[in-house]
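Remarks on the structure that follows.
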Amino acid sequence: MRCISRSFAAAVVLLPAIMVLVSGCAYETYRPGSYARTPVHYRPAYNYDYHYYPSARAYFHISSGYYYYRPYNTWLRVRTLPPNIYLGPRERVHLRIWSTAPYRYHDIHRQRYHPHPGYRRDRDRDRYERRYNRTQHGRYQRRLRR
């Protein structure tokens, strides 16, 4: 009976000491000005795919099916472009951007990608390109449902 009481007394004394030592390792006190934390930058989990048309200065978001273009001083997001904007398949540039707003990088894209030198407005090509974009969006949606 004495053996049990001695081991119990030892456990009562050692257990709080071990807990204090272990918790002391995990506890960190904050001292103002002692260190600076590095800022955490959020980055999306995946890229966003766009088609950029330099002559029209318009973007097509493949996964959502929206067009982004700038008729005035603001960027608009629409399902269908107005008929005065022509898209050409030869001008299509595929972009992968880490943002849901491709127009933030429009100045960079305008400098890097110039309109095709032989570009001319053609209704048939424009119709083909709009149909192609709808098809791409439909394929993306079907892949997403699987």
Side-chain angles (χ1 to χ4, degrees), residues 7-146:
S7 62
F8 180 72
V12 168
V13 171
L14 288 177
L15 189 60
I18 291 172
M19 288 176 59
V20 167
L21 288 174
V22 171
S23 67
C25 295
Y27 183 70
E28 180 181 342
T29 58
Y30 175 73
R31 296 184 190 108
S34 63
Y35 64 93
R37 291 185 178 232
T38 57
V40 178
H41 297 287
Y42 172 74
R43 193 164 194 181
Y46 55 90
N47 297 327
Y48 296 98
D49 292 326
Y50 293 94
H51 289 163
Y52 173 60
Y53 299 93
S55 64
R57 293 188 177 172
Y59 296 91
F60 176 72
H61 189 207
I62 296 172
S63 62
S64 70
Y66 282 109
Y67 287 98
Y68 296 90
Y69 77 106
R70 186 177 181 177
Y72 309 110
N73 291 335
T74 60
W75 285 89
L76 296 179
R77 183 181 81 163
V78 294
R79 283 283 181 190
T80 58
L81 287 174
N84 64 339
I85 295 178
Y86 291 91
L87 305 177
R90 292 175 68 186
E91 290 209 318
R92 179 186 334 125
V93 178
H94 184 79
L95 300 174
R96 283 201 165 167
I97 305 173
W98 286 90
S99 174
T100 57
Y103 45 83
R104 289 184 185 165
Y105 308 104
H106 182 68
D107 291 335
I108 297 168
H109 298 153
R110 199 176 68 219
Q111 291 172 0
R112 189 174 295 166
Y113 308 108
H114 301 288
H116 194 272
Y119 175 75
R120 64 185 178 92
R121 295 180 174 191
D122 187 3
R123 288 180 192 245
D124 293 333
R125 288 184 181 168
D126 178 55
R127 221 175 293 131
Y128 167 80
E129 191 63 21
R130 291 176 193 238
R131 192 175 332 130
Y132 174 79
N133 286 340
R134 283 193 305 269
T135 305
Q136 289 292 317
H137 174 63
R139 285 180 184 167
Y140 178 83
Q141 292 298 323
R142 283 192 296 276
R143 257 187 306 173
L144 195 63
R145 286 186 209 136
R146 290 183 188 173

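What's counted below: heavy atoms across the whole structure, side chains too, no hydrogens, waters or symmetry copies.
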Of all heavy-atom pairs linking Ile85 and Leu81, the shortest is CG2-CD1, 4.0 Å
Do the rings of Tyr132 and His51 sit parallel, tilted or perpendicular, given the 30° and 60° boundaries? parallel
Closest heavy-atom contact between Pro54 and Pro115? CB-N, 3.8 Å
Please indicate whether Arg70 has more than 12 foreign heavy atoms, meaning atoms of other residues, nucleotides or ligands, lying under 6.0 Å from its CZ. yes
Heavy-atom closest pair, residues Glu129 and Leu87: CG-CB, 3.7 Å
With no hydrogens and no angle check, is any side-chain donor or acceptor of Asp49 less than 3.5 Å from a backbone partner on Arg96? no
Hey, are Tyr140 and Gln136 close enough side-chain-wise for a donor-acceptor pair under 3.5 Å? no
Distance-only donor-acceptor check, side chains Tyr59 and His109, under 3.5 Å: yes
Measure the acute angle between the ring planes of Tyr67 and Phe60, then classify it against the limits of 30° and 60° as parallel, tilted or perpendicular. tilted
So, for Arg57 and Tyr52, which heavy atoms are closest and what is the spacing to 0.1 Å? CA-CE1, 4.2 Å
Does any N or O in the side chain of Tyr50 come within less than 3.5 Å of the main-chain N or O of Val93, such that one atom is a donor and the other an acceptor? no
Contact check, side chains of Arg130 and Arg134, non-hydrogen atoms, under 4.5 Å: yes
Looking at Asp126 and Arg123, does any basic side-chain N land under 4.0 Å from a carboxylate oxygen? no
Who passes side chain to side chain donor-acceptor pair (under 3.5 Å) against Arg90, sequence neighbours left out? His116
Counting N and O atoms only, with roles assigned by atom type, does the side chain of His137 sit under 3.5 Å from a partner on the main chain of Ile62, one being a donor and the other an acceptor? yes
Rounded to the nearest 0.5 Å, what's the gap from OH on Tyr68 to OH on Tyr103? Could you check? 6.5 Å
Value for OH (Tyr105) from CG (Leu95), rounded to nearest 0.5 Å, stands at 11.5 Å
Using a 4.5 Å cut-off on heavy atoms from C-beta on, say whether the side chain of Pro89 contacts that of Tyr128. yes
Starting at CZ of Arg77, measure out to OG1 of Thr100 and round the result to the nearest 0.5 Å. 9.0 Å
Heavy-atom nearest pair, Ser99 first then Ala101, reads OG-N, 3.0 Å
Counting neighbours of CZ on Arg110 that are heavy atoms of other residues, nucleotides or ligands and sit closer than 6.0 Å, is the number greater than 12? yes
Pairwise side-chain contact, Ser55 with Tyr86, heavy-atom cut-off 4.5 Å (strictly under): no
